[in-house]
Amino acid sequence: MFFISLWLSKLYYFLTRRRATTDKSGILARKIDIDFIQHVKKPPIVIAVTGTNGKTTTCNFLVDILEKSGYKVTSNREGANYPAGVSKALMKGVSIFNKSKVDVAVIEFDELSSKEILPFLHPTYTVVTNLFLDTMKRNAHTDYVFSKIEEGLPEDTTLFLNADDLISSQLGKNNKKIYFGIDRLPTDSETNQSLVQDIRVCPKCYTPLEFEYFHYHHLGKAKCPNCGYTNPEPKYRLTDIDYENNQITINGEKYMLVNEGLFNIYNELLAISVLSEIGVKDINKCLQTLEVVKTRYNKTTVKNIEIISQMAKGQNPIAVSRALDYVKNLKGTKEVIIILDDVYDNKAANHSEVVSWLYDSDFEALNGDDVKKVVVCGFRAYDYKVRALLAGIDESKIFVSTVEAEAYKYLDLSGEDKIVIVHDIYLNNKANEIIAKIKEVTK
């Protein structure tokens, strides 16, 4: 049955290959052979990537650098991080005789799909970016997500774990582990500046932790005053971020800084760590032409106004907070457009009633004199306005546009340095519509 599933899925993929985001070839493969992931031939190196935030960007970094370095790679970078999408990616990496055609597979997988994927994939490396509070309807709590990843981990996979995250760094009791982390930065604080802190007590003896510093949320360095439990030591350590020269220093070696957001610096550090462990040469040379995928971050200039679109996940308070913190740290004056309705909120008959994530998101980052206007948009526009008011933002600065594409009408466009569109993962097209309108009216 396996070869029938392989041949038919390849045929279907060939006939529909121009529709790159479809995963139906993977669905077909699993419908004929439910154990397709187990039976399909794997390349010599398999890298599986998961975590609450940053897995897609990390995968993109890995695939781009590997390909620029001459490796043949298969991946599910076009989407679908559950079993069908993984099956499609593996199918693309073998011949019709089930012989591997590639050197590396880079597989993004959803945290909750660990048990359905990892025991059959047996990745060389399993990479976990972080574990944070996520969508309440689905992932509920970090302990729950932790347990879901843990139950699928094979003991023969080497883990790459975030030393600054006392939650995900505990994964894989019996696995070999390689840690990455960031040293204390000038921008760090001795008190948590975020609303959410997912770990407060020692995971060993439940004594309140003492934090030396916070990068953001619970990422930082902590120690238990009772049993001495603390962060593991990273093998790959980022010691300096030089924003002026666009450089980061990892283990004494300088690399190009791809994006100045700290969340993306973590993704870059992780990718460099994995690639260094594999033995990839000239990583820094490959970084010179690398950038965060434009659907997640894009920057353009129209008549001296910089327009930035920054993706965040609606209903994910950490992703939203990181995007808003990025806006806060941008130099100059800004007008900000918020379009965060997720795909379910955009279906009126099926919209979510869960808005608690808004009150875990750091809208306070927009409460500054440099933010001149905040335009809230979409089905949830008035919910966003209430949250902005509770963050202390002056009501005279807040404008409501229930139609996202008309948000540009509320912008000044005459004296601000930047316009920033913070958008949900499914609303990249809406962000592009707004940018097109801005270009049109400023001709």
From [X] atom [atom1] to [Y] atom [atom2], the distance as rounded to the nearest 0.5 Å:
X	Y	atom1	atom2	result
Leu219	Ile199	CG	CD1	11.0 Å
Leu366	Ile398	CG	CD1	9.5 Å
Lys281	Ser276	NZ	OG	9.5 Å
Asp156	His122	CG	NE2	5.5 Å
Thr74	Ile107	OG1	CD1	6.5 Å
Ile250	Ser273	CD1	OG	6.0 Å

Under 3.5 Å donor-acceptor, [X] side chain and [Y] backbone:
X	Y	value
Asn192	Phe214	no
Asp424	Gly314	yes
Lys372	Asp369	yes
Asn162	Asn130	no
Asn81	Asn76	no
Lys418	Ile308	no
Lys334	Val327	yes
Ser87	Ile37	no
Asp242	Ile248	no
Asp103	Lys72	yes

Identify which one of Leu171, Leu270, Val127 satisfies the side-chain contact (heavy atoms from CB on, under 4.5 Å) criterion when paired with Leu161.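 Going through the options one by one, the only one that passes is Leu171.
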Identified side-chain contact (heavy atoms from CB on, under 4.5 Å) partner of Trp357 from the options Val320, Thr135, Asn316: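 Going through the options one by one, the only one that passes is Val320.
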[X] to [Y] - nearest heavy-atom pair and separation:
X	Y	result
Pro43	Val102	CB-O, 3.5 Å
Cys227	Cys205	SG-SG, 3.8 Å
Phe120	Gln38	CD2-OE1, 3.6 Å
Thr230	Ala222	OG1-O, 2.7 Å
Ile265	Ile241	CD1-CD1, 3.7 Å
Pro225	Pro208	CD-O, 3.4 Å

Look at the aromatic rings of His215 and Tyr266 and report parallel, tilted or perpendicular, splitting at 30° and 60°.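 Aromatic pair His215/Tyr266 classed perpendicular.
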How about [X] and [Y]: do any of their side-chain heavy atoms sit closer than 4.5 Å?
X	Y	result
Pro232	Lys177	no
Leu90	Leu121	yes
Tyr359	Val386	yes
Ile149	Thr126	no
Leu358	Phe363	yes
Cys202	Leu209	yes
Ile438	Ile305	no
Val258	Leu287	yes

Whether over 12 other heavy atoms sit under 6.0 Å from [X] [atom1]:
X	atom1	answer
Lys223	NZ	no
Tyr206	OH	no
Lys328	NZ	no

For a quick check under 3.5 Å, do [X] and [Y] share a side-chain donor-acceptor pair by atom type?
X	Y	value
Tyr384	Asp341	yes
Asn267	Asn264	yes
Glu116	Tyr82	no
Thr58	Thr129	no

Would you please indicate if the ring centroids of His218 and Phe211 are separated by under 6.0 Å?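 Ring centres of Phe211 and His218 not closer than 6.0 Å.
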Using the side-chain contact (heavy atoms from CB on, under 4.5 Å) rule, take Lys254 and Asn245 through it: C-alpha gap first, then chi angles, then the decisive distance, then the call. CA-CA 11 Å; Lys254 295 188 183 299; Asn245 295 304; over 6 Å; no
Should the pair Lys373 and Phe399 be classed as cation-pi, given the thresholds of under 6.0 Å to the six-membered ring centre and 45° from the axis?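 Because its charged atom sits under 6.0 Å from the ring centre and within 45° of the axis, Lys373 does stack over Phe399.
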Are [X] and [Y] close enough for a salt bridge, meaning some N to O gap below 4.0 Å?
X	Y	value
Asp282	Lys285	no
Arg387	Glu364	yes
Lys173	Glu150	no

Decide yes or no on side chain to side chain donor-acceptor pair (under 3.5 Å) for Gln193 and Thr191, but give the supporting numbers first. CA-CA 6 Å; Gln193 302 299 303; Thr191 57; 3.0 Å; yes
Can you pull the salt bridge (Lys or Arg N to Asp or Glu O under 4.0 Å) pairs that have at least one residue in residues 185-200, sequence neighbours excluded?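 Counting only pairs at least two positions apart or across chains, the salt bridge (Lys or Arg N to Asp or Glu O under 4.0 Å) contacts touching residues 185-200 are Arg184-Glu190.
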Go through it in stages, so that I can follow the logic: the residues are Asp64 and Arg77, the test is salt bridge (Lys or Arg N to Asp or Glu O under 4.0 Å), and I'd like the CA-CA distance, side-chain angles, deciding distance and then a yes or no. CA-CA 10 Å; Asp64 287 344; Arg77 68 184 295 171; 2.8 Å; yes
Under the criterion side-chain contact (heavy atoms from CB on, under 4.5 Å), I'd like the reasoning laid out for Tyr13 against Leu28: C-alpha separation, chi angles, the key distance, then a yes or no. CA-CA 10 Å; Tyr13 176 70; Leu28 177 61; over 6 Å; no
Pair His217-Asp362, side-chain contact (heavy atoms from CB on, under 4.5 Å): steps then yes or no: CA-CA 10 Å; His217 300 287; Asp362 296 331; 3.7 Å; yes
Step by step, would you call Leu62 with Ile47 a side-chain contact (heavy atoms from CB on, under 4.5 Å)? CA-CA 9 Å; Leu62 287 169; Ile47 305 167; 4.1 Å; yes
